[in-house]
Asks: 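To start, I am sharing the structure in question, which I have written as structure tokens.
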Amino acid sequence: MSNADTLRRLALDSLSPSQRHAAVWDPERPLQILAGPGSGKTRVLTMRAAWLVLGDADRRPIKPENCVVVTFTNRAAREMRSRISAYIGPSMTDRLLLGTFHALCVKFLRRYGRLVGLANNFTICDSDDSIRIIKGVIEQQADMLKESGVTIKAEEARTEISRAKARLQTAEAFRKACPNAPGNMDRHTAMANVYKDYELYLRGSKACDFDDLLLYAERLFCLHPGVCSKIEHVLVDEFQDTNAIQYALMQRLSAASGRVSIVGDPDQSIYSWRNAEVSNLEKMVHDFSGIKRIYLEENFRSTGAILDASLKVVQQDRMRINKGLYTAQAEGAPVTFRTFDTELEETEYVALEIERQMQLARPMLRYADFCILLRFNALSRGFEAALRRRRIPYRMLGGQQFFDRVEIKDLVAYLRVLDNPAYAPGLLRILNVPKRGIGKATISAVSGLASAQRIPIYSVLEQISARTSELSVHGRALYGIDTFVSVMNKLRERVQQGLSVNELLTCVIEVTEYKTYLEREGDFASRWENVRELLTFAALCAGDDEREELYLPPKRTKLDPEEQEEEPTPLRTFLESSALATDRTDDDTNDKVTIATCHAAKGLEWPIVFVAAVEDGTFPFYRSTTPEMIAEERRLLYVAMTRAASNLYLCSTKRRMMAGEWRNQKVSMFVTPLIPCSRGGTGLSAPTKTDAVMWCFTSPLIQDFLHTTARILQRSVPSEEVLQQNRIEYKFSDTCTSLDKLDACRNAALQWRSEMGNVGLPSKSGFLSALNSLGSAALQHGSNLGMRSTHAAPADLQQSHGHRRSMSSTTQNASSAAPQAHPLARFTSNNTAPQRKRALGMH
DNA sequence: ATCCTTCCGATTTTT
DNA sequence: TCGGAAGGAT
Ligand SMILES: Nc1ncnc2c1ncn2[C@@H]1O[C@H](COP(=O)(O)OP(=O)(O)OP(=O)(O)O)[C@@H](O)[C@H]1O
């Protein structure tokens with residue numbers, strides 16, 4: 001048992017007593033670990049998995065291939081894999097049934113799918129193709145829809161169908177069920193019809209959408225429990241975000257053993273829009289007898305200040321059951337809250353603050369220590385621009401980016417159709433790509449005939465090409481179809497020859513003259529670059545990079561005498577990973593700032609986190625209407641805030657361009673109660689530590705908290721000499737100058753507005769030119785504008801002078817008596833003793 | 001069939 | 001602001 005001993009020595013000892021208690025809890029009893037953010041849930045779950053497969057003195061180990069570890073996202077799966085691997089080594093980890101719900105289900109379906117009526121070459125239909133199908137269905141039903149006076153948008157239909165599927169609701173059941181929005185029976189019926197035909201179309205295409213993967217697997221496990229009866233333990237991460245189908249899957253997978261361990265946190269439930277049901281936590285108590293609940297209350301991630309602010313946000317939820325959560329970490333730097341005029345300054349500030357932190361703490365911090373969290377992807381634009389301007393490397397997390405590119409989708413569609421000729425959405429996608437003169441009219445005639453005669457679309461095309469079709473196609477279109485059919489035949493031959501995916505792709509590009517096509521289409525360089533990347537990805541897939549693969553052990557018993565023992569072809573493996581993979585370009589090796597949505601950040605952590613656009617309309621999102629939706633938005637902010645370990649910044653703007661128009665933004669309702677009235681919030685004017693958050697409204701000191709940051713990061717604090725040098729260099733840096741400018745303009749604008757009775761602000765262009773025209777001379781002014789306390793640079797510089805400021809000291813004097821002039825004009829004429837100079841002079 | 005312009009409408013979150 | 005849809009010219 002040396003393995004188990006090793007685990008005990010190296011790993012179990014790194015857990016706190018209550019964590020260890022949970023990790024080695026009796027495997028025969030179902031276990032729920034409920035705990036707040038940063039309490040080490042993932043650490044405990046991974047350790048438990050390791051402990052289960054390594055065994056213990058008085059307990060035999062379970063086989064890794066009989067141990068299921070499911071996560072919600074690919075990223076979580078990867079994280080899980082690497083953590084477990086650290087405990088039990090890669091070869092044992094590879095044997096685990098570890099992956100997302102979807103990946104796990106696909107593996108079973110590839111092997112046993114025929115037991116539930118799935119061809120083994122079924123294609124996974126991504127949302128794009130789903131939309132394509134639904135558009136076709138809606139078009140076909142256009143008359144009916146017009147009659148009932150209902151309009152249905154494809155995207156709406158897709159989400160509604162997806163939600164129905166998450167509830168295990170078939171088209172028929174959906175029709176019978178009450179409409180979600182009561183009173184609109186026509187629409188509900190119409191939707192049910194779309195759902196029904198969508199299903200027919202999928203089946204005809206031998207395709208499964210994402211939800212089908214789970215539904216079919218559930219049916220498989222239900223009808224043929226033998227396929228998963230060997231499973232000895234099921235572990236589920238982020239359980240609060242499971243929906244009905246996922247819960248059902250968990251039940252089926254554990255039907256034989258009854259052994260499950262889950263971790264979750266009701267306060268971090270942020271997927272109810274996807275039909276996640278927190279109530280599954282309670283349901284589980286009923287469904288699994290003898291279940292044990294263990295609570296963990298110590299947060300190991302964040303500083304006291306961060307945890308305090310986060311808890312004060314989430315505790316505003318009156319319906320919430322309060323749970324204990326404390327940290328042994330130091331209080332750390334206060335949470336920074338800043339409001340800017342527009343997105344331009346907000347994003348600029350974040351970029352500059354990243355630079356300031358890095359410069360003052362050099363060489364302790366790296367770009368990868370920073371993360372910018374967004375409510376939705378579209379907000380990334382501004383940040384990307386700002387980071388690029390400052391030449392700060394960054395990466396976007398989540399957002400299907402790579403496989404969403406048109407050129408990638410086109411090529412992958414060719415492969416899909418080669419693997420499964422019946423896959424209609426793919427076929428329709430590529431039929432006229434590159435352009436072959438096959439237009440809308442021809443396409444709808446062909447697919448009309450196909451559905452009327454109940455034959456696959458590609459058969460119709462073949463008939464047309466063989467001139468045996470009743471459909472008359474002429475001229476360019478006919479020639480185009482001929483070309484397409486011969487292209488596909490050529491490629492199919494290649495598939496027979498057993499080419500590698502990489503070679504096959506090269507063939508596709510060659511035979512279709514895709515490169516020429518891209519050259520004509522424009523933006524060639526970057527699109528071709530993407531194609532190259534796809535080729536690389538294909539090559540990687542083919543290599544023995546099996547570690548990311550979920551591997552199902554060889555069957556011992558045949559459940560169906562008919563079934564052939566067929567290993568998935570490389571092509572199929574490739575198509576699977578391209579359909580289920582979300583995050584491609586994860587060069588963890590590179591040092592980059594992360595930009596991510598709050599959802600994508602779930603389960604992750606960074607030393608320094610900026611949350612952007614903490615405004616009403618964003619947090620909560622303006623489409624949240626019900627109290628439940630608002631509560632979820634609050635939890636989302638909570639999740640975002642609790643990603644931070646050492647420093648947390650909340651940013652907001654006063655005006656934001658949304659839907660093409662400027663909107664006046666208010667600070668998020670989740671935060672205003674925590675801000676004193678004197679600062680524009682609705683909180684107490686004289687806040688105390690217990691009832692308010694001690695925000696920093698300026699730029700947080702860095703030096704004072706370096707040791708806390710260092711301790712959290714387990715890095716060493718730079719020496720005093722280095723720090724001194726950093727301060728000097730920072731002072732002369734462009735970062736410092738620019739931060740000063742930003743603050744100067746902000747104050748100027750603030751004051752100007754208060755003087756002008758809040759009538760308006762300098763126009764954007766005026767503002768920008770003001771920014772630019774503010775030369776270094778102008779930077780040395782502004783003491784009577786209340787700039788002193790908002791100055792970023794002097795804050796740290798003053799320390800060495802012995803000056804100390806309260807962190808929450810403010811700029812209350814902004815409206816001191818001043819001439820009625822444009823503030824920027826005064827800026828350039830004013831000539832008061834500058835802070836900056838003073839700071840410079842001190843050495 | 002394709003290319004071009006014009007107009008409209010609307011912005012979540014993920015597998 | 002921008003991307004998609006719809007409509008018109010070639
Ligand atoms: N016993 C411990 N001692 C020291 N550090 C720990 C301990 N347990 C967990 N941590 C650290 O705390 C951080 C949070 O752990 P983990 O990600 O497992 O928490 P979590 O509960 O899954 O968080 P969340 O719910 O926010 O995703 C990690 O950096 C982890 O290494």
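Please read all numbers here as calculations on a predicted model, not as lab measurements. Residue numbers start from 1 in every chain, and the chains themselves are labelled A, B, ... in the order their sequence lines are given, proteins ahead of strands.
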Asks: Starting at atom CZ of A/R75, determine the distance to atom P of B/dT13, rounded to an integer number of angstrom.
Replies: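 Rounded to whole Å, this separation is 14 Å.
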Asks: Could you tell me whether A/R203 and A/E199 have a side-chain N and a carboxylate O separated by less than 4.0 Å?
Replies: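 Yes.
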Asks: Looking at A/Q246 and A/N243, would you say the former's side chain and the latter's main chain have a donor-acceptor pair under 3.5 Å?
Replies: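 Between the backbone of A/N243 and the side chain of A/Q246 there is a qualifying donor-acceptor contact (under 3.5 Å).
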Asks: Give the nucleotide from the list B/dT15, C/dT1, B/dA1 with an atom nearest to the side chain of A/R476.
Replies: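 Closest nucleotide among those given: B/dA1.
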Asks: Is the distance from the ring center of A/F376 to that of A/F621 below 6.0 Å?
Replies: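 Yes, the ring centres sit under 6.0 Å apart.
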Asks: Using the P atom in both, what is the distance from B/dT13 to C/dG4, to the nearest Å?
Replies: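 So the two P atoms sit 15 Å from each other.
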Asks: In this structure, is the centre-to-centre distance between the rings of A/Y201 and A/Y198 below 6.0 Å?
Replies: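 A/Y198 vs A/Y201: aromatic centres not under 6.0 Å.
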Asks: As a test of reading the structure: which of B/dT15, B/dA1, B/dT12 is closest to the side chain of A/R274, going by heavy atoms?
Replies: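 Selected nucleotide: B/dT15.
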Asks: Taking atom C1' of B/dT14 as reference, at what distance in whole Å does atom CG of A/L213 sit?
Replies: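 After rounding, the reported distance stands at 14 Å.
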Asks: Give a yes/no answer on whether the side chain of A/N377 brings an N or O atom under 4.0 Å of OP1 or OP2 in B/dT13.
Replies: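 Checking B/dT13 against A/N377, a side-chain N or O does come within under 4.0 Å of OP1 or OP2.
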Asks: Roughly how many Å is it from CZ in A/R520 to C1' in B/dC3, rounded to a whole number?
Replies: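 Going from CZ in A/R520 over to C1' in B/dC3 covers 14 Å.
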Asks: Let me have the donor-acceptor pairs involving side chains of residues 381-388 of chain A, under 3.5 Å, with sequence neighbours excluded, atom names and distances please.
Replies:
| unit_1 | atom_1 | unit_2 | atom_2 | d |
| --- | --- | --- | --- | --- |
| A/E384 | OE1 | A/Y394 | OH | 2.8 |
| A/E384 | OE2 | A/S380 | OG | 3.0 |
| A/R388 | NH1 | A/Y394 | OH | 2.7 |

Asks: Produce the list of close N/O pairs, under 3.5 Å, pairing protein atoms with atoms of nucleotides 4-10 of chain C; give distances to one decimal.
Replies:
| unit_1 | atom_1 | unit_2 | atom_2 | d |
| --- | --- | --- | --- | --- |
| C/dA5 | OP1 | A/K135 | NZ | 3.4 |

Asks: Within the modelled atom types, does a donor on one side and an acceptor on the other bring the side chain of A/R623 and the base of B/dT12 under 3.5 Å apart?
Replies: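 Per atom types, no contact qualifies.
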Asks: According to the salt bridge (Lys or Arg N to Asp or Glu O under 4.0 Å) rule, which pairs have a member within residues 264-280 of chain A, sequence neighbours left out?
Replies: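 Residue pairs with at least one partner in residues 264-280 of chain A: A/D267-A/R320, A/D267-A/K323.
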Asks: Grab the CD-C1' distance between A/E156 and B/dT12 for me, whole Å please.
Replies: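 Spelled out: CD on A/E156 to C1' on B/dT12 is 15 Å.
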Asks: OP1 or OP2 of B/dT14 less than 4.0 angstrom from a side-chain nitrogen or oxygen of A/N74, does that happen here?
Replies: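 False: A/N74 side-chain N/O out of range (4.0 Å or more) of B/dT14 OP1/OP2.
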Asks: Ignoring the backbone of A/K435, work out which of B/dC3, C/dG3, B/dT12 is nearest its side chain.
Replies: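 From the listed options, B/dC3 comes nearest.
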